Amino acid sequence: MKIQSMPPFKAVLAFEATARHASFTRAASELNVTQGAVSRQIHQLELFLGATLLDRTTRAVSLTLTGERYFEAVQHALRELGQATGHIKHWQGKQQVTIATSTALASLWLLPQIAKFNSRYEEIELRIVAHDHVKDYRNINCDLAIYYCKTPPLGMKVTPICSEEIFAVCSPSYLERHEGLKLPEDLAACTWLCLEDSEKDWVSWDDWFLKLGSRQIRPKQKININSYAMLIQAAIGGQGIALGWRNLVDPYIESGALVQPITATLQTEAKFCLLEKLGSTENRKYINRLRSWLLGNPVENF
């Protein structure tokens, strides 16, 4: 959406400083310009607005009623802008490392392991950002990224982390209610938990059956969910059968929260990959520590 009626920014800063200090002199000193320049900027702003902001009938700097209201609005907008800018700048320090991944990988794979990384590298401030449906990985503002890639993206350093296995999972209680499941075709009697609007390289139920060489079947019932983490929670809650990705659901299988109702397993061609932009960065030392840890070879010094 295009923002309409934007005033000249320098004039807004001149007005805000003058109104805050109630002084042309102090405003000019803060902005490192002359008093005349401040006065001209404010006059330019008044012409743009078609309204008088300063009462010029007295020698002291005083605001008109319109000026007071505009001053409040300007200060609020500048505070918001300052806070947003400060937040971005906070993560540009040499000891901050930003890693990007999908929502599913962040919630089910990366976040559960972060405590181990923090205990080993206390000096590194880690920032995790989740981006789904990325069209160009090179445009993500991060130091490292982890995504499931069928085709490695061009123009980036790509390091495969692991391949993936995909199989059906459900809760033990759901399996008790659906005895006799042995073959993929038997899942037609179940409720399928389907990932809606999934990543382009992720495997759907139709893909899974096709790649296993099974005939295409339809489920008794479907529940569409647009978050993989929510989908897995639904499976744990006994709502139906889901497609489990080995690296994401292994902890739940080990704990007994999920089980495999049938043995059919799809070995995927795509892999989880560590993606890096080409070229050097200032905090390479800390990026390398995170990189090595993600690849399963944590080291203390570089």
Side-chain angles (χ1 to χ4, degrees), residues 97 99-122 124 126-132 144-149 159-178 181 184 187 190-196 198-199 201-205 207-208 223 225-275 289-298:
V97 179
I99 181 169
T101 188
S102 66
T103 303
L105 266 69
S107 59
L108 296 175
W109 182 76
L110 184 57
L111 285 173
Q113 303 184 67
I114 288 306
K116 298 177 183 177
F117 178 82
N118 287 337
S119 65
R120 181 179 291 272
Y121 302 115
E122 295 180 354
I124 299 178
L126 192 60
R127 180 185 182 223
I128 301 171
V129 294
H131 294 288
D132 294 324
L144 298 171
I146 299 178
Y147 281 92
Y148 181 74
C149 302
T159 306
I161 297 178
C162 58
S163 58
E164 188 56 287
E165 298 177 350
I166 304 175
F167 44 83
V169 294
C170 65
S171 69
S173 62
Y174 189 86
L175 183 56
E176 288 179 2
R177 301 196 305 270
H178 295 77
L181 299 179
L187 298 180
C190 300
T191 297
W192 293 0
L193 303 176
C194 302
L195 184 60
E196 186 179 72
S198 63
E199 297 285 335
D201 290 338
W202 281 50
V203 175
S204 67
W205 277 105
D207 296 332
W208 190 71
I223 300 177
I225 303 174
N226 69 351
S227 162
Y228 189 73
M230 290 171 55
L231 184 145
I232 293 301
Q233 289 302 315
I236 293 172
Q239 301 301 309
I241 302 278
L243 284 178
W245 297 61
R246 172 75 66 189
N247 290 286
L248 303 183
V249 302
D250 257 358
Y252 299 105
I253 291 178
E254 291 172 2
S255 69
L258 291 175
V259 295
Q260 287 184 244
I262 61 176
T263 59
T265 299
L266 173 65
Q267 300 282 342
T268 67
E269 298 175 359
K271 298 179 182 294
F272 287 110
C273 295
L274 184 65
L275 309 178
R289 289 182 175 176
L290 176 59
R291 183 183 190 278
S292 181
W293 180 79
L294 289 169
L295 294 177
N297 182 33

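All figures in this text were calculated on a predicted structure; none of them were measured in a lab.
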Considering all heavy atoms, the nearest [X]-[Y] contact:
{"X": "Leu294", "Y": "Ile99", "result": "CD1-CD1, 3.5 Å"}
{"X": "Leu111", "Y": "Ile128", "result": "CD2-CD1, 3.6 Å"}
{"X": "Tyr228", "Y": "Ala104", "result": "CB-CB, 3.7 Å"}
{"X": "Trp208", "Y": "Ile166", "result": "NE1-O, 3.0 Å"}
{"X": "Ala168", "Y": "Leu187", "result": "CB-CD1, 4.1 Å"}
{"X": "Arg177", "Y": "Gly238", "result": "NH2-O, 3.0 Å"}

In terms of heavy-atom contacts, does CD of Glu122 have more than 12 from other residues, nucleotides or ligands at under 6.0 Å? no
Test: salt bridge (Lys or Arg N to Asp or Glu O under 4.0 Å). Region: residues 101-117. Which pairs qualify, not counting sequence neighbours? none
Verdict with supporting geometry, Cys194 and Trp205, side-chain contact (heavy atoms from CB on, under 4.5 Å): CA-CA 7 Å; Cys194 302; Trp205 277 105; 3.7 Å; yes
Are [X] and [Y] side-chain neighbours, meaning at least one heavy-atom pair lies under 4.5 Å?
{"X": "Ile225", "Y": "Glu196", "answer": "no"}
{"X": "Leu105", "Y": "Ile146", "answer": "yes"}
{"X": "Leu181", "Y": "Cys190", "answer": "yes"}
{"X": "Thr191", "Y": "Ile241", "answer": "no"}
{"X": "Arg289", "Y": "Val97", "answer": "no"}
{"X": "Leu258", "Y": "Ile232", "answer": "yes"}

Mind checking ring pair (Phe, Tyr, Trp, His ring centres under 6.0 Å) for [X] and listing every partner two or more places apart, or none if nothing turns up?
{"X": "Trp109", "result": "none"}
{"X": "Phe167", "result": "none"}
{"X": "Phe117", "result": "Tyr121, Trp293"}

Please name all residues satisfying salt bridge (charged side-chain N to carboxylate O under 4.0 Å, His left out) with Asp250, sequence neighbours left out, ordered by chain then number. Arg246
Name all residues meeting the salt bridge (charged side-chain N to carboxylate O under 4.0 Å, His left out) criterion together with Glu269; count only those two or more places apart in sequence or in a different chain, and write none if there are none. none
Pair Thr268-Tyr148, side-chain contact (heavy atoms from CB on, under 4.5 Å): steps then yes or no: CA-CA 11 Å; Thr268 67; Tyr148 181 74; 3.1 Å; yes
Just by modelled atom types, is the [Y] backbone N or O under 3.5 Å from a matching donor or acceptor in the [X] side chain?
{"X": "Ser255", "Y": "Tyr252", "result": "yes"}
{"X": "Glu164", "Y": "Asn247", "result": "yes"}
{"X": "Asn118", "Y": "Ala115", "result": "no"}
{"X": "Asn226", "Y": "Leu195", "result": "no"}

I need the [X] [atom1] to [Y] [atom2] distance, nearest 0.5 Å.
{"X": "Arg291", "Y": "Thr159", "atom1": "CZ", "atom2": "OG1", "answer": "4.0 Å"}
{"X": "Leu110", "Y": "Thr101", "atom1": "CG", "atom2": "OG1", "answer": "6.5 Å"}
{"X": "Asp207", "Y": "Leu243", "atom1": "CG", "atom2": "CG", "answer": "9.5 Å"}

With Phe272 as reference, evaluate Ser163, Cys162, Cys149 under the side-chain contact (heavy atoms from CB on, under 4.5 Å) test and give the passing residue. Cys162
Please step through side-chain contact (heavy atoms from CB on, under 4.5 Å) for the pair Cys170 and Val259, ending with a clear verdict. CA-CA 6 Å; Cys170 65; Val259 295; 4.1 Å; yes
Full working for side-chain contact (heavy atoms from CB on, under 4.5 Å) between Leu126 and Ile114: CA-CA 9 Å; Leu126 192 60; Ile114 288 306; 3.4 Å; yes
